[in-house]
Amino acid sequence: MFESISKRLRESRKIVFVTGAGISQESGIPTFRGKDGLWRSNDVMKLATIDAFNDNPKLVWEWYNERRKNVFSAEPNLGHKAITELEKYSKVVVLTQNIDGLHQKAGSSQVLELHGSIVKIKCTVCNYKGETFTEFLDIPPLCACGNILRPEVVWFGEGLPQDLWQEAIVHANSCDVMVIAGTSLVVSPANTLPIYAKQNNAILVEINPDETIMTSNMDLSIRSTSAIALPELVSIFKQ
Ligand code: OAD
């Protein structure tokens, strides 16, 4: 079976990656669930919500300040770099739930950030949008209009930008191979992307040290970390 999947991988014209927090774990960025899911004893699932921000913007900004510091000093790992290298062999599109920018830092040319970006901010009231690459000293930071700024990310309780989501569906629906790396696939709507890929008869490959809720739908599950498995995947293309 592995031989036939290897052949289809080599013949693929478009590979879509669906990535999550696990792909950046080996760059020193904590995942959301499991043992990493607490920050100063706060459940990060509850912090990453619009309700938490409305109740206590200072606390949520403190968390984001710390995440910003961590992300700005992080470097792409061998997993991110392998995805970039695959562009030599096939069209590659990355649909990521991560906000850390490490795919772009590794050189990937087509990345859709489904949950936003940690460098982007916007005003909670006026139309101001911007980018910042440092920690904020005064939090919550204020817009020139006097109202509170927020990270331009998608929180629980909020929808993805519709045009971005439609673009993601088009990519998922037109790939030959979908590689799902470092995501628990529990968050909607990103976890529906493999269904769109299957509609195009794509093969599904999962890279995760643990099983996910969609493991039984995979054509191949590689139980390893992404920094180990993704370079091995690229080596299939070199054969
Ligand atoms: P999770 O924390 O839910 O899942 C991380 C997955 O990565 C798990 O399945 C781990 O087994 C796996 N993993 C851990 N280390 C790994 C490694 N080195 N290599 C490969 N896999 C590894 O993170 P996400 O699935 O990204 O959304 O979570 C999805 C969304 O939920 C996030 O974007 C965020 C979160 O709440 C929002 O904030 C809206």
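The residues of the chain are indexed from 1 along the displayed sequence. As a basis for the values below, the full set of heavy atoms in this structure was taken, side chains included, without hydrogen atoms, waters or symmetry mates. This structure is a prediction, so every number in the text was calculated from the model and none was measured. In each ligand, atom 1 is the first atom listed, and ligand 1 is the first ligand listed.
Within the 3.5 Å criterion, the main-chain N or O of Ser109 finds a donor-acceptor partner in the side chain of Glu87. Although no hydrogens or angles enter the test, the distance criterion places a donor-acceptor pair under 3.5 Å between the side chain of Ser90 and the main chain of Arg13. Here the side chain of Asn77 pairs a donor or acceptor atom with the backbone of Gly79 at under 3.5 angstrom. The main-chain N or O of Ile29 is never found under 3.5 Å from a side-chain atom of Ser27 such that the two would form a donor-acceptor pair. In this structure, the side chain of Thr84 engages the main chain of Ala106 through a donor-acceptor pair within 3.5 Å.
Listed by number with element, the atoms of ligand 1 under 4.0 angstrom from any heavy atom of Gly20 are 26 (O). Set against the non-hydrogen atoms of Ala21, the atoms of ligand 1 under 4.0 Å away are 23 (O), 24 (P), 26 (O). Atoms of ligand 1 lying under 4.0 Å from at least one heavy atom of Gly182, given by number and element, are 5 (C), 6 (C), 7 (O), 20 (C), 21 (N). Heavy-atom contacts of Thr183 reach the following atoms of ligand 1: 6 (C), 7 (O), 9 (O), 24 (P), 25 (O) (cutoff under 4.0 Å).
Closest to atom 19 (N) of ligand 1 among all protein heavy atoms lies Ser226 N, 3.0 Å. Scanning the protein heavy atoms around atom 14 (C) of ligand 1, the nearest turns out to be Gly22 CA, 3.9 Å. Of the protein's non-hydrogen atoms, Asn208 OD1, 3.6 Å is the one closest to atom 10 (C) of ligand 1. Among all protein heavy atoms, the one lying closest to atom 38 (O) of ligand 1 is Ala48 CB, 3.9 Å. Among all protein heavy atoms, the one lying closest to atom 32 (C) of ligand 1 is Phe32 CE1, 3.6 Å.
At a heavy-atom cutoff of 4.0 Å, ligand 1 is contacted by the backbone of Val154 but not by its side chain. At a heavy-atom distance under 4.0 Å, atoms from both the backbone and the side chain of Gln97 approach ligand 1. For Val187, every heavy-atom contact with ligand 1 shorter than 4.0 Å involves the side chain, none the backbone. Contacts between Arg33 and ligand 1 below 4.0 angstrom, taking non-hydrogen atoms only, involve backbone and side chain alike.
Side-chain contact between His103 and Ile23: present, with at least one pair of heavy atoms (C-beta onward) separated by less than 4.5 Å. Looking at Val205 and Met178, their side chains never come closer than 4.5 Å, going by heavy atoms from C-beta outward.
In the model, His80 has no side-chain atom that pairs as donor or acceptor with a side-chain atom of Ser226 under 3.5 Å.
Relative ring orientation between Tyr89 and Phe237 is described as tilted, the plane-to-plane angle lying within the 30° to 60° band.
Residue pairs that meet the salt bridge (charged side-chain N to carboxylate O under 4.0 Å, His left out) test with at least one member in residues 135-154, sequence neighbours left out, are Lys129-Glu152, Arg150-Glu158.
Residue Asn98 places no N or O, backbone or side chain, under 3.5 Å from any N or O of ligand 1. At least one N or O atom of Gln25, backbone or side chain, sits closer than 3.5 Å to an N or O atom of ligand 1.
For atom 33 (O) of ligand 1, the choice among Arg223, Met45, Glu158, His115 with the nearest heavy atom turns out to be His115.
Ion pairing of Lys198 with Asp219 is present here, as a side-chain N (NZ or NE/NH1/NH2) and a carboxylate O approach within less than 4.0 Å.
Residue Pro209 places a heavy atom less than 4.0 Å from ligand 1.
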